[in-house]
Structures are given as structure tokens and as C-alpha cells.
A.B. asks: 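Below is one structure. I have some questions about it.
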Amino acid sequence: MNSRRPSLSSPSAPESWPCAIQTPRLTLRPAEPADVSAFTRLWTDADVRRFLGGPVAEDQLAVYQQHFAGHPHLFTVVTRQGTVTLGSVTIDPKSRFDGRREVSYSFLPEHWGKGYAREAVTAAVSWSFEHVASDDPSVVAVTQEANSRSRRLLEAIGMRVISTFLEWDAWQVMYAVQSEELRG
């Protein structure tokens, strides 16, 4: 086992949720109603949503706000002291991609370039290998081909390109990683 793996405050049984994940600088914890302001920013910020189809429409925002808290495998990423919300990471246990586990993430722009997303995504993917049952040994991630920052992050943690496809009028790149390939 990799010594850089995060510590988990949950039992090591598959599908253990809710839980919190601790890394050297961060805590990934279940999203809660008090996070609505930070999540609203993630959903409406044009920079955050640049490669995600743009900001969530005003008429859909209330639905997002009502249904995010307590959603299984949706982590709010905060500083280890819990004082600053940085972003979110989600593990979809049965994604639309052949039912494989999929990681997705978004971070507020003022926290970009500091390694927080890499640390959080690595921790969530590592957690998913031990706690989210799957028939497939990998975790996938999809990002727009044009999203060079996200692609660099995925490659830095050991993910490799497994396919490209056109969706929503943009080329998408699918990455995958297996447990033994994950780098922190």
C-alpha cells in the first residue's frame, strides 16, 4: 500500500458512507446544507463552469440547492482546519460509462494552482478503490480536450487516456487509473 494514501475515518467495508477523508492539508467530508453558498458559487461561476456547459441556469439552481446535501459520495473539500471551502469531489459509483466508478471535481478559482485539487482527487480516488464496489478495477474521469488544467491534474495522478469522443459539441477525453497506478 502506498504510504501517501489518505487516512479514512470510516470502516474499511465497501460502500462505507458517510465518511470523511483526511489528507495533510484537507478534509473531504459529506456535503451539508451549510455548504450551499460555496456550491452555488461552483455551479454559477463562469470560470469554474467553462468546460462544464456554462453556469447552471437560474431556473434550475433551486433544484441543485435542494438536492446536493447528503448526496452519497459527494465530498465538500475544506482546509484541514475546516474554515475554508475549496471545492467538491464526487465519486459516481455507477457512471454512465459502462457502470464504472467515475471521479469528477470542481474548485473555486481562488484556490486553483495550489495543489488542492490534485490532493483531493487523489484522496477520493484512493478511497473509492477500497470503499466503492465495482466490477471494473479502474476509476474513470472525463474532461474536455480543451481543459488543459484538468488534463494535467489527471495525468499527474497517474490517469491515462483510454478514449476520446465528441459530446456536447466538444471533444471529450476519458481517463482511467487502477489502484496500483495512482500517484499522490
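Start at 1 with the first residue, then count along the sequence. For the numbers below, each heavy atom of this structure counts, side chains included, while hydrogens, waters and symmetry mates do not.
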A.B. asks: Using side-chain contact (heavy atoms from CB on, under 4.5 Å) as the criterion, list what pairs up with P109, not counting sequence neighbours.
C.D. replies: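 Scan of P109 (side-chain contact (heavy atoms from CB on, under 4.5 Å), adjacent residues dropped) gives R41, D45, D47, V48, W112.
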A.B. asks: Atom CD of Q144 and atom CG of L52: how far apart are they, to the nearest 0.5 Å?
C.D. replies: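 Answer rounded to 0.5 Å: 7.5 Å.
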A.B. asks: Could you tell me which residues satisfy ring pair (Phe, Tyr, Trp, His ring centres under 6.0 Å) with F39, sequence neighbours excluded, listed by chain and number?
C.D. replies: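 Result, ring pair (Phe, Tyr, Trp, His ring centres under 6.0 Å) vs F39: W43, F68.
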A.B. asks: Would you say L154 and I91 are hydrophobically clustered, going by side-chain heavy atoms of ILVMFWY under 4.5 Å?
C.D. replies: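 Result: yes, single cluster for both.
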A.B. asks: Quick one: side-chain hydrogen bond (donor to acceptor under 3.5 Å, both in side chains) pairs with a partner in residues 56-66, sequence neighbours left out?
C.D. replies: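 Sorted result for residues 56-66: T40-Q65.
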A.B. asks: Can you tell me how far apart NE2 (H67) and NE2 (H71) are? Round to the nearest 0.5 Å.
C.D. replies: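 These two atoms lie 10.0 Å from each other.
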A.B. asks: Out of curiosity, L26 CG to T79 OG1, how far, rounded to the nearest 0.5 Å?
C.D. replies: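 Interatomic distance, L26 CG to T79 OG1, rounded to 0.5 Å: 8.0 Å.
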A.B. asks: Looking at R25, is its backbone amide N or carbonyl O close enough to the side chain of R80 to form a donor-acceptor pair, meaning the two atoms are under 3.5 Å apart?
C.D. replies: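 Such a contact is absent between R80 side chain and R25 backbone.
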A.B. asks: In Å and rounded to the nearest 0.5 Å, what is the OG1 to OH distance from T143 to Y175?
C.D. replies: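 Spacing of OG1 (T143) from OH (Y175) equals 7.5 Å.
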A.B. asks: Looking only at atom types and distance, does a side-chain atom of Q22 sit under 3.5 Å from a main-chain N or O of A20, one as donor and one as acceptor?
C.D. replies: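 It does not hold such a pair.
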A.B. asks: Consider only side-chain heavy atoms of I, L, V, M, F, W and Y, link residues closer than 4.5 Å, and tell whether V89 and M174 are in one cluster.
C.D. replies: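 No; tracing contacts between hydrophobic side chains, which count when under 4.5 Å, never links both residues.
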A.B. asks: Using a 3.5 Å distance criterion without hydrogens, assess whether the side chain of S128 forms a donor-acceptor pair with backbone atoms of V132.
C.D. replies: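 No, because the side chain of S128 does not come within donor-acceptor range (under 3.5 Å) of the backbone of V132.
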A.B. asks: Angle between ring planes, F75 versus W127, binned at 30° and 60°: parallel, tilted or perpendicular?
C.D. replies: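 F75 vs W127 ring planes: perpendicular.
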A.B. asks: Side chain to side chain contact (heavy atoms under 4.5 Å, CB included), that's the test. Do R29 and V78 meet it? Break it down for me.
C.D. replies: CA-CA 8 Å; R29 59 164 174 73; V78 297; 3.8 Å; yes
A.B. asks: With sequence neighbours left out, write down each residue that passes side chain to side chain donor-acceptor pair (under 3.5 Å) with R50, or none if nothing qualifies.
C.D. replies: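 Scan of R50 (side chain to side chain donor-acceptor pair (under 3.5 Å), adjacent residues dropped) gives none.
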A.B. asks: Per the side-chain hydrogen bond (donor to acceptor under 3.5 Å, both in side chains) rule, what does the pair list look like for residues 93-104, sequence neighbours excluded?
C.D. replies: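 Non-adjacent pairs meeting side-chain hydrogen bond (donor to acceptor under 3.5 Å, both in side chains): R96-E167.
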A.B. asks: Could you measure the distance from the CG atom of L42 to the OG atom of S37? Nearest 0.5 Å is fine.
C.D. replies: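 Here the rounded value is 10.0 Å.
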A.B. asks: Would you please classify the geometry between the Y105 ring and the F107 ring as parallel, tilted or perpendicular, with 30° and 60° separating the classes?
C.D. replies: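 Tilted, since the angle between the ring planes falls between 30° and 60°.
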A.B. asks: Among residues at least two apart in sequence or on other chains, which ones pass side-chain contact (heavy atoms from CB on, under 4.5 Å) with A176?
C.D. replies: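 Once residues adjacent in sequence are excluded, the partners of A176 under the side-chain contact (heavy atoms from CB on, under 4.5 Å) criterion are S138, V140, R160, I162.
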A.B. asks: Output yes when a side-chain donor or acceptor of T122 lies under 3.5 Å from a complementary backbone atom of R118, and no otherwise.
C.D. replies: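 Flag set: sc T122 to bb R118 pair under 3.5 Å.
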